[in-house]
Amino acid sequence: MPASMSRIAVIDFETTGMSPALGDRATEIAIVLLERGEVVDRFQSLMNAGVHIPAFITQLTGISNAMVASAPRAQSVMSEAARFVGDAPMVAHNAAFDRRYWQAELALAGLAAPQAFACTVMLSRRLYPEAPSHKLGALVQRLRLPQTGAAHRAMVDAEMAAALLTQIQHDLRVRHRVAEPDHRFLMRLQACSRAAMPRWLARQAVADALSAEAP
DNA sequence: TGCCAGGCCCTCTTTAGGGCCTT
């Protein structure tokens, strides 16, 4: 398999709130490009969307109104980000959140967002059902993955999500004998959800998805 | 005007409710 086919873009946004549908905007973006489990490139930028950052968000992320005031405009940052990702499939921790902002911010920049998103929350629920918490920081601690700095900055969280994804792929190879746990396999595994089938069938589907790849 | 996410997953469930996870 060519390296480009195993390329995955792990993304994290910092934002002004929970929903772009309510007018919230991105304030920072970070993307870690993985190839065969190795970080091969990084993209990071604060972005000025021209909206006020609530005080509690500044307290949470450390990103202030003054910081984004001197940052490049959201539209140009998103254009660069889209070029950086290209056609690589994407991964995020709680992907529904980052996918909403990826699509909304690209739409505001007049750009399409065709990438498929896999979700490390859903994957860790399938793979580590015994974990007491599936928060990014809790999983990083539990799996003893490296922490590169204080959480709630985009690159720190993107690096942690990339480390988590790499561990998930490692465990799929070693524990479940999945020869090539690429993005297509991750999408199949995360689709084994109760939303699409009864719980017992979902559990069986996870087991089947894992064992089907065994030699 | 005031309010406001949304999808997954569990259980004291499925004709529902609430916790998790992201900022």
Side-chain angles (χ1 to χ4, degrees), chain A residues 9-32 44-65 67-68 71 74 77-78 90-105 107-108 113 116-143 149-165 168 186-207 209:
Chain A
V10 182
I11 188 168
D12 187 79
F13 278 108
E14 302 305 320
T15 74
T16 62
M18 300 309 289
S19 174
L22 301 181
D24 293 322
R25 296 292 304 270
T27 57
E28 188 179 44
I29 182 173
I31 303 165
V32 172
Q44 176 185 25
S45 183
L46 287 165
M47 50 202 278
N48 184 358
V51 294
H52 178 77
I53 302 174
F56 81 96
I57 292 287
T58 297
Q59 199 166 21
L60 177 70
T61 64
I63 298 171
S64 66
N65 285 293
M67 288 165 69
V68 296
V77 172
M78 291 307 298
M90 302 185 78
V91 166
H93 198 67
N94 197 19
F97 177 87
D98 293 284
R99 186 181 57 227
R100 279 200 297 274
Y101 280 95
W102 179 249
Q103 292 173 340
E105 292 292 347
L108 288 169
F117 273 73
C119 175
T120 46
V121 174
M122 292 174 68
L123 291 169
S124 71
R125 281 175 178 160
R126 309 276 182 270
L127 218 50
Y128 316 121
E130 73 288 352
S133 166
H134 294 275
K135 288 183 184 177
L136 182 56
L139 288 167
V140 163
Q141 273 202 317
R142 182 180 172 86
L143 297 168
H152 290 304
R153 283 302 296 266
M155 184 50 81
V156 173
D157 287 359
E159 295 264 17
M160 286 199 294
L164 173 59
L165 173 63
I168 286 171
L186 300 177
M187 294 296 284
R188 277 212 308 281
L189 181 59
Q190 86 171 30
C192 300
S193 83
R194 196 192 161 217
M197 61 191 87
R199 183 177 49 190
W200 66 271
L201 191 54
R203 284 182 181 153
Q204 188 60 50
V206 170

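Each chain gets a letter, A, B and so on, in the order its sequence line appears, and its residues count up from 1.
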>> Heavy atoms only, 4.0 Å cut-off, all strands: where does T27(A) land among base, sugar-phosphate and nothing?
In response: nothing
> Hey, what do you get for CD1 (I63(A)) to OG1 (T27(A)), rounding to the nearest 0.5 Å?
Replying inline: 4.0 Å
>> My understanding is that only residues two or more places apart in sequence, or in another chain, count here; which of them pass salt bridge (Lys or Arg N to Asp or Glu O under 4.0 Å) with R25(A)?
In response: E105(A)
Can you give me the N/O atom pairs linking the protein to nucleotides 19-21 of chain B at distances under 3.5 Å, or say none if there are none?
residue : atom : partner : partner atom : Å
dC21(B) : OP1  : H134(A) : N            : 2.4
dC21(B) : OP2  : S133(A) : OG           : 3.4
dC21(B) : O2   : N94(A)  : ND2          : 2.8

> Rounded to whole angstrom units, what separation is found between the CD atom of Q103(A) and the P atom of dA5(B)?
Replying inline: 19 Å
> Which value, in whole Å, describes the distance between the C1' atoms of nucleotides dC21(B) and dG2(B)?
Replying inline: 27 Å
> Distance between the P atoms of dG19(B) and dT13(B), in whole angstroms?
Replying inline: 16 Å
>> So, taking the atom named CD in E28(A) and the one named CE in M155(A), what distance separates them when rounded to the nearest 0.5 Å?
In response: 8.5 Å
>> From the set dG6(B), dT23(B), dC4(B), return the single nucleotide nearest to any side-chain atom of R100(A).
In response: dG6(B)
>> Using the side chain to side chain contact (heavy atoms under 4.5 Å, CB included) criterion, which residues pair with A21(A)? Sequence neighbours excluded.
In response: S19(A)
> Between dC8(B) and dT1(B), how far is it from one P atom to the other, in whole Å?
Replying inline: 35 Å
>> What's D12(A) touching, base or sugar-phosphate or nothing? Going by heavy atoms closer than 4.0 Å.
In response: sugar-phosphate
>> Per the side chain to side chain donor-acceptor pair (under 3.5 Å) rule, what does the pair list look like for residues 129-143 of chain A, sequence neighbours excluded?
In response: S124(A)-H134(A)
> Could you state the CZ-P distance from R25(A) to dT22(B), rounded to the nearest angstrom?
Replying inline: 23 Å
> Where the side chain of M122(A) is defined as all heavy atoms beyond and including C-beta, which of dC8(B), dA5(B), dT23(B) is the nearest nucleotide?
Replying inline: dC8(B)
>> Using atom C1' in both nucleotides, what's the gap between dT23(B) and dA16(B) to the nearest angstrom?
In response: 28 Å
> In chain order, what residues pass the salt bridge (Lys or Arg N to Asp or Glu O under 4.0 Å) check against E14(A), with sequence neighbours excluded?
Replying inline: none
>> Measure CZ/F117(A) against C1'/dC8(B) and give the value in whole Å, please.
In response: 17 Å
> L127(A) has an atom CG; how far is it from atom P of dC8(B), in whole Å?
Replying inline: 19 Å
>> Under the salt bridge (Lys or Arg N to Asp or Glu O under 4.0 Å) definition, can you give me all pairs with a residue in residues 94-104 of chain A, not counting sequence neighbours?
In response: none
> What integer distance in Å separates F13(A):CZ from dT23(B):P?
Replying inline: 12 Å
> Which sits closer to the 5' end of DNA chain B, L22(A) or H152(A), going by the nucleotide each is nearest to?
Replying inline: L22(A)
> Nearest-Å distance, CD1 (I11(A)) to C1' (dT22(B))?
Replying inline: 13 Å
> In whole Å, what is the span from the CE atom of M18(A) to the P atom of dG6(B)?
Replying inline: 11 Å
>> From CG of L164(A) over to P of dT22(B), roughly how many Å is that when rounded to an integer?
In response: 11 Å
> How many angstroms lie between atom CG of D12(A) and atom CD1 of I29(A), to the nearest 0.5 angstrom?
Replying inline: 9.5 Å
> What integer number of Å spans the P atoms of dC12(B) and dG18(B)?
Replying inline: 15 Å
> Closest nucleotide of DNA chain B for R99(A) versus for F56(A): which of these residues is on the 5' side?
Replying inline: R99(A)
>> Could you tell me how far dT15(B) sits from dC3(B) if I compare only their C1' atoms? Round to whole Å.
In response: 27 Å
